Q: 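Right, I'll just put the structure down here and ask away after.
A, B, ... follow the sequence lines: proteins, then strands. Residue 1 opens every chain. What you are looking at is a predicted structure, and each value in this text was computed from that prediction instead of being measured.
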Amino acid sequence: MRTSVRIAAGVLVALALAVLLVPAIVQLDQQLVDLRSANQAPSFAHPFGTDEVGRDVLLRVVYGLRVSLLIGLVAALVSVTVGTVAGLTAGALGGAADRVIMRVVDGFNSVPHLLFGIFIVALFSPSATAVVASVGLTHWTTAARIVRSEVLTLRARPFVDAAISGGSGRLRVVRRHLLPHLLPHIALASVLMVPHAIWHETALSFLGLGLPPHLASLGNMINDGARSLLAGNWWASLFPGLFILLPTLAVSVLVQHWRDRANPRRRSELQL
Amino acid sequence: MTRALARMALWRLVFAVPLVFAVTLGMFALAKASPFDPVRQYLGDRAVVTSPEVVARIRENWGLDRPVAEQYLTWLGNLLRGDLGDSRSMHRPVAEVIGERIGWTLLAVGCALVLMLVVSLAVGALAAWRRDSWLDRLISGTAYANEAAPVFWVALIVIWVFAVQLRWLPPGGLTDPAATTLEAGDVLRHLILPVTVLAFSQSSWLLLFVRESLIATLREDFVLGARARGLRERTVIGRHALRSALLPFITLLGARIPELVTGAILVESVFSWPGVASASVQAALAADFPLLAALTLLATLAVVVGNLLADGAYVIADPRVRVLGVS
């Protein structure tokens with residue numbers, strides 16, 4: 001195993017542990033404001049410094065990662081589920097249904113995702129549900145494309161013919177013969193979707209269109225930090241961003257490694 | 001060639017027109033499903049003291065009491081005639097707002113595109129040429145990290161370094177706050193940071209693409225042939241390998257317009273650049289449907305045109321497509 005893969009796995013495990021354990025050990029009173037210790041640079045007591053109202057950035061980053069991760073997971077789940085259903089329907093039914101679904105996919109893809117997300121959130125007041133809906137509605141197309149193309153190749157395989165000759169109906173073929181083969185692809189699509197969904201959530205929150213501002217989310221924290229940036233307080237926005245960058249990078253390294261393993265021909269090409 | 005181009009363009013348009021209509025329909029349906037009441041929002045605090053008759057009259061004036069289908073057709077008809085409506089948050093016609101701002105967006109995005117192309121071509125070729133060296137590792141590593149870094153965060157770091165610490169460049173805006181007139185030098189100074197950040201954020205996919213594509217091409221026989229004929233390394237890479245490695249990239253570039261729009265929205269917002277992309281955020285914050293819808297439509301058109309241009313460029317660049325037709 002390459003060192004980068006080990007580091008990536010380590011980072012993900014450490015972040016997962018932090019997100020799961022820290023809230024159980026250290027309680028965060030989100031509204032706890034201590035103006036005497038506002039805008040302190042990173043020190044031993046506050047490794048990531050404090051924000052403009054004196055809250056510890058490290059603790060808030062962990063809580064923010066928890067919120068962003070949760071929203072990212074739910075949004076990824078929603079979009080992959082919708083995408084799988086759409087892709088399966090298009091691939092398994094074929095014909096007019098396929099054409100209609102793929103044109104809908106084209107339609108959704110022709111509106112830039114962030115703008116579409118902004119549009120939805122703007123019209124349905126900023127909230128976690130609106131953010132999840134906006135990410136889910138804009139990103140199912142990727143999963144739909146992947147699933148559809150896999151279904152098309154699977155359909156040509158002899159075991160599908162055999163199942164149909166054996167008297168299986170369409171639903172049974174989909175459930176017993178197609179879905180098990182699709183699962184790895186769906187799983188990979190979901191894994192890749194999570195960092196993207198997190199990115200989307202943080203971008204919306206950063207623009208002031210995401211989660212309610214009092215909630216510690218990574219996007220909200222960067223947005224808050226940006227206000228005191230001109231006064232020289234770099235830590236309040238640097239660290240939250242780092243915690244978006246790290247998991248995203250770790251996931252992409254792991255996925256790259258997995259792809260290289262699955263396709264040995266690429267192994268020599270993509271050494272990082 | 002012109003015939004192939006015309007046929008391709010026509011074919012694309014046949015698909016594009018219903019697509020744009022579908023997008024307008026989708027936007028309108030979303031707006032109708034939204035809990036926001038435009039009249040209440042227009043009135044703001046006055047909504048409490050305004051009599052129901054006045055509210056009803058406003059609704060009538062705006063056609064909100066008509067059937068939904070009729071409202072949609074009226075709105076669509078107005079759009080087709082070029083009447084984009086009035087921006088409720090900026091209290092001016094939408095067309096005026098867009099006309100005033102689109103130039104600044106095109107300026108910033110255009111400069112960023114040129115910068116991105118030049119830099120990622122050069123750096124990507126360098127990484128491929130020095131494959132597996134520490135330089136290559138540094139370049140590809142930075143590109144992968146950049147791919148994962150949110151652009152608004154990168155923009156903030158850049159502001160902190162170059163505007164707050166070094167004080168070389170202004171942190172945002174179009175001109176100096178004290179300036180009363182628009183001066184080229186002043187605008188240029190404000191342009192540097194947003195353009196660099198936008199170009200940097202968009203560059204990593206292209207850079208990695210150039211690198212990978214060039215590495216594959218460098219192994220081909222015609223490159224070996226060029227080297228065997230004793231051509232200089234620069235000629236081999238620049239004129240032989242790079243040229244053939246770049247073909248797929250033309251279509252990729254057209255398909256990247258959505259990402260470019262996303263980048264422009266975030267970068268313009270961070271740097272308070274007065275373009276159309278940051279206007280979409282302001283419109284969203286104020287739930288200003290006419291402006292937001294017009295800007296979304298504008299972005300959709302940009303995506304459609306980008307795809308069209310990409311296909312067109314491909315027809316021109318690849319003689320095989322030209323001769324055998326578009327598949």
Q: Quick one: list whatever passes salt bridge (Lys or Arg N to Asp or Glu O under 4.0 Å) with B:R101, sequence neighbours left out.
A: none
Q: Which bit of A:L242 is near chain B, if near means a heavy-atom gap under 4.5 Å: side chain, backbone, both or neither?
A: both
Q: Which bit of B:L156 comes within less than 4.5 Å of chain A, counting heavy atoms only: side chain, backbone, both or neither?
A: both
Q: Could you give the distance from CD1 (A:I118) to OG (B:S269), rounded to the nearest 0.5 Å?
A: 7.0 Å
Q: Residues of residues 293-304 of chain B under 4.5 Å from chain A (heavy atom pairs)?
A: B:A293, B:L295, B:T296, B:A299, B:T300, B:V303
Q: Provide the closest heavy-atom pair for B:L266 versus A:W199 in the form atom of the first, atom of the second, distance.
A: CD1-CZ2, 3.7 Å
Q: So if I take each residue of residues 132-146 of chain A and look for any heavy atom under 4.5 Å from a heavy atom in chain B, which residues do I end up with?
A: none
Q: Looking only at atom types and distance, does a side-chain atom of B:W153 sit under 3.5 Å from a main-chain N or O of A:I222, one as donor and one as acceptor?
A: no
Q: Once rounded to the nearest 0.5 Å, what's the spacing between atom CD1 of A:I120 and atom CE of B:M27?
A: 12.0 Å
Q: Which bit of B:A33 comes within less than 4.5 Å of chain A, counting heavy atoms only: side chain, backbone, both or neither?
A: both
Q: Tell me, out of A:I244, A:V111, A:L207, who's got the most heavy-atom pairs with chain B below 4.5 Å.
A: A:L207
Q: Does B:Y144 form a side chain to side chain contact (heavy atoms under 4.5 Å, CB included) with A:V253? I'd like the steps, not just the answer.
A: CA-CA 9 Å; B:Y144 277 115; A:V253 167; over 6 Å; no
Q: Of the backbone (N, CA, C, O) and the side chain (C-beta and beyond), which part of B:I157 lies under 4.5 Å from a heavy atom of chain A, both, or neither?
A: side chain
Q: Can you tell me how far apart CG (A:L245) and CD (B:E147) are? Round to the nearest 0.5 Å.
A: 11.5 Å
Q: At a heavy-atom distance under 4.5 Å, which candidate from B:V270, B:N307, B:V261, B:L30 has the highest pair count against chain A?
A: B:L30
Q: With only heavy atoms counted, which part of A:F119 is less than 4.5 Å from chain B, the side chain, the backbone, both or neither?
A: both
Q: As an exercise, state the distance from CD1 of B:I265 to CG of A:L114, rounded to the nearest 0.5 Å.
A: 5.0 Å
Q: Would you name the heavy atoms of A:P112 and B:T262 that are closest together and state the gap between them?
A: CB-OG1, 4.4 Å
Q: Run the side chain to side chain contact (heavy atoms under 4.5 Å, CB included) test on A:W234 and B:Q165 for me, step by step, so that the C-alpha distance in whole Å, both residues' side-chain angles and the decisive distance to 0.1 Å come before the verdict.
A: CA-CA 10 Å; A:W234 49 271; B:Q165 290 296 307; 5.7 Å; no
Q: Quick one: which residues of residues 100-110 of chain A reach chain B at under 4.5 angstrom, heavy atoms only?
A: A:R103, A:D106, A:G107, A:N109, A:S110
Q: For a quick test of reading the model, state the closest non-hydrogen atom pair linking B:A287 to A:A122 and the distance between them.
A: CB-O, 3.9 Å
Q: With a 4.5 angstrom heavy-atom cut-off, could you sort out which part of B:A145 is near chain A: side chain, backbone, both or neither?
A: both
